[in-house]
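A quick write-up on the structure given underneath.
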Amino acid sequence: MMMRSSAAVFLAFVVVVSPLLASSQPMPAPPAPPTNNSRLEKAYVALQALKRAITDDPKNLTRNWCGPDVCSYYGVFCATAPDDPCARTVASVDLNHGDLAGSLPEELGLLSDLAVFHLNSNRFCGALPDSLRSLHLLHEIDVSNNQLSGNFPSQLLCLPNVQYVDIRFNNFCGEVPPAIFEKKIDALFINNNHFEFTLSESFSNSTASVIVLANLPRVGGCLPSSIGDMAGTLNELILLNSGISSCIPPEIGKLDKLTVLDLSFNSIAGTLPDTIGDMKALEQLNVAHNRLAGEIPESICALPHLKNFTYSYNFFCGEPHMCLEVPHIDDRQNCIAGRPDQRPGEQCIEFMHQPPAHCDAHGCFAPPSPPPPVYAPPPPVY
């Protein structure tokens with residue numbers, strides 16, 4: 001009986017005490033915070049400098065920008081380093097539409113592996129940091145729709161891999177270096193700034209598929225006859241309201257991949273070359289608010305993909321009936337008999353008595369005196 005009783009007491013002791021013994025065992029340690037490599041340590045310095053340079057963050061986008069784990073920061077994306085499969089690095093910073101105010105610090109140059117840098121639609125001011133020229137892996141830079149200023153950011157010319165450049169809707173000014181058109185980039189948006197430069201032959205050296213130089217009224221220059229050399233890559237060309245005084249060279253017809261051509265709100269004179277009818281991919285053509293005259297070539301209106309043809313506010317005197325079959329046309333304020341909303345007859349007669357525009361081998365001409373002013377709506381904004 002005594003042995004049986006002792007066994008029962010031991011069993012009860014084990015049942016009661018064993019949970020206590022288990023609970024007294026050391027608990028597993030929490031995971032250690034991530035250990036940054038030298039790339040992420042530099043990124044931490046850069047991103048903390050950017051956070052300090054931000055003076056207003058109404059959406060609290062940088063609220064979690066605390067601590068060394070930069071890969072967890074909002075808008076920051078990490079990837080395997082291109083030259084070290086065992087290392088992580090910051091590959092992208094995307095703070096688009098953040099309404100952030102502040103400036104861009106020089107420490108951003110420490111993001112040496114950055115491939116994508118998107119800051120559009122914020123309120124950053126000042127110049128782009130000179131250190132950006134060290135971002136040799138940068139593929140896309142979009143700082144559009146900010147309040148950035150200073151000269152054209154020449155740092156962009158030092159980036160060997162940049163393909164997408166968007167600096168539109170800022171306050172940049174001064175000359176645009178011709179070298180930007182010689183870089184092997186795919187898209188160039190520099191519109192809606194305060195640049196002053198002349199469109200030169202180097203323009204046609206560009207390999208971009210999209211070029212937007214709109215609303216740069218102090219650009220000027222002529223459409224070079226070498227524009228046909230861009231046929232291999234160019235898909236969209238928007239030069240509206242850019243101060244161009246020129247004829248349209250017939251070589252433009254070589255741009256058989258072009259889908260959008262906007263030359264409106266300039267001082268382009270002469271006639272529309274019928275070679276535009278060779279641009280078989282063309283979908284949108286806008287030559288409004290110029291000094292073009294003569295007949296609209298039928299070959300243009302016969303283009304198979306043309307959806308929008310705007311040639312209002314010129315001095316055209318005739319259009320083929322086929323043009324009226326284009327899904328959307330605008331032929332207002334010309335001199336086309338029988339069409340509604342045309343110029344007054346005296347304006348057309350006065351224009352016809354002026355010497356025709358004479359273009360030289362470079363497509364440039366001395367424009368005649370302007371016609372009587374007429375109301376013109378503001379150019380569209382891109």
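- For the residue pair Asp274 and Ser299, no side-chain donor N or O sits within less than 3.5 Å of a side-chain acceptor on the partner.
- Using a cutoff of 4.0 Å between basic side-chain nitrogens and carboxylate oxygens, Arg88 and Asp113 are not scored as salt-bridged.
- Relative orientation of the Tyr164 and His118 rings is tilted, given thresholds of 30° and 60° on the angle between their planes.
- Shown here for Ile336 and Gly318, the closest heavy-atom pair between the two residues is CG1-N, 4.0 Å.
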Should Cys335 and Cys317 be marked as a disulfide bond (SG atoms under 2.5 Å apart) after you check the CA-CA gap, both sets of side-chain angles, and the distance that decides it? CA-CA 5 Å; Cys335 301; Cys317 61; over 6 Å; no
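- At a cut-off of 3.5 Å, with distance as the only test, no side-chain donor of Asn171 or Gln147 sits close to an acceptor on the other residue.
- Neither side chain, Asn314 nor Asn290, offers a donor N or O lying under 3.5 Å from an acceptor on the other.
- Ring geometry for Phe195 against Phe172 counts as parallel: the plane angle stays under 30°, on a 0 to 90° scale with 60° as the upper cut.
- Salt-bridge annotation for Glu319 and Arg339: present, with a side-chain N of the basic residue lying under 4.0 Å from a carboxylate O of the acidic one.
- Within a 6.0 Å radius of CD in Glu106, other residues, nucleotides and ligands contribute more than 12 heavy atoms.
- Relative to the six-membered ring of Tyr74, Arg63 misses at least one condition, a distance below 6.0 Å or an angle of at most 45° to the axis.
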Would you sort out whether Asp256 and Lys280 count as a salt bridge (charged side-chain N to carboxylate O under 4.0 Å, His left out), showing the intermediate values? CA-CA 6 Å; Asp256 55 358; Lys280 301 302 182 182; over 6 Å; no
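- Across all their heavy atoms, Tyr313 and Asn334 have their closest contact at N-ND2, 4.1 Å.
- Of all heavy-atom pairs spanning Leu263 and Ile248, the tightest one is CD1-CD1, 3.9 Å.
- Under a 4.0 Å N-O distance rule, the pair Asp166/Arg168 qualifies as a salt bridge.
- In this structure, cysteines Cys247 and Cys222 have SG atoms that are not closer than 2.5 angstrom.
- Ser121 and Asn96 share no donor-acceptor pair across their side chains, judged by distance under 3.5 Å alone.
- The closest side-chain donor-acceptor pair between Tyr311 and Gln333, if any, does not fall under 3.5 angstrom.
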